Amino acid sequence: MTASNRLAETSLPSSQQAEHTHHHNHEHTNHNSETVNSVHPHVHSEESLRRIVNRLSRIEGHIRGIKTMVQQNNPCPDVLLQIAAVRGALDKVARIVLDEHLTECIARASENGNIDVEIEQLKAALDRFLP
C-alpha cells in the first residue's frame, strides 16, 4: 500500500466518509477551445474520489510497467496486451465518472432548472471523449 493510499484511507473515519463531500467548481473547454464555467458545483463523496484516484494510481503504475517492458525489449504482443489492459482500465474510470455525473450532477441541474446547459456541456465532452 502506498503512502497516498494510506493517507486516503485514514483521512476520515469510515463513519464520516459517506457524509463528507468534496465540492469543486471547474472550467470546461468547448470545441472552440474557449473556457466555459461549469453551471454547477461538483459534489463527490470522499469514498468516490478515493476510488477514482486509487484506480488512476494503479493505471499510472501499469503505464510505468509498460515503459519498462519497452525499454527491456519485451515482445511486442506482450506490450500490446498490457496497453489494451490500460485502455480497459481507463474506460472503466471514464464510466465511473460518467455514471456519477449522470446520477449526481445532471440530476442536480434538473432540480436547479439549468438542465439544458448541463446537457450541452455533457454532449460536448462526449464528442471529445468518444471516437
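All residue numbers refer to positions in the sequence shown, counting from 1. Since this is a predicted model, take the numbers as computed values, not measurements.
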Checking side chain to side chain contact (heavy atoms under 4.5 Å, CB included) for the pair Asp116/Glu120: CA distance, chi angles, key distance, verdict? CA-CA 6 Å; Asp116 293 336; Glu120 286 304 313; 5.8 Å; no

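Interatomic distance, CG of Leu122 versus CZ of Phe129, reported as 11.5 Å (0.5 Å rounding). Going from atom CG of Asp99 over to atom CD of Glu104 covers 9.0 Å, rounded to the nearest 0.5 Å. Residue Met69 holds its CE atom at 8.5 Å from CD1 of Ile83, rounded to the nearest 0.5 Å. Remark: Ile52 CD1 to Arg50 CZ distance equals 11.5 Å, nearest 0.5 Å.
Ile96 is connected to Leu90 through a chain of hydrophobic side-chain contacts under 4.5 Å among Ile, Leu, Val, Met, Phe, Trp and Tyr, so both are in one cluster. Criterion: ILVMFWY side-chain heavy atoms under 4.5 Å apart, direct or through other members. Under it, Ile59 and Val97 are part of a common hydrophobic cluster. Connection of Leu56 to Val86 is established within a shared hydrophobic cluster, with ILVMFWY side chains joined at heavy-atom distances below 4.5 Å, either directly or through further cluster members.
Under the side chain to side chain contact (heavy atoms under 4.5 Å, CB included) criterion, Ile115 pairs with Ile106, Ala109, Ser110, Ile119, sequence neighbours left out. With sequence neighbours excluded, the residues that form a side chain to side chain contact (heavy atoms under 4.5 Å, CB included) with Arg58 are Asn54, Arg55.
Using a 4.5 Å heavy-atom cutoff, the side chains of His101 and Glu118 are in contact.
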Table please: side-chain donor-acceptor pairs of residues 70-82 below 3.5 Å, with sequence neighbours left out.
from, atom 1, to, atom 2, distance (Å)
Gln82, OE1, His62, NE2, 2.6

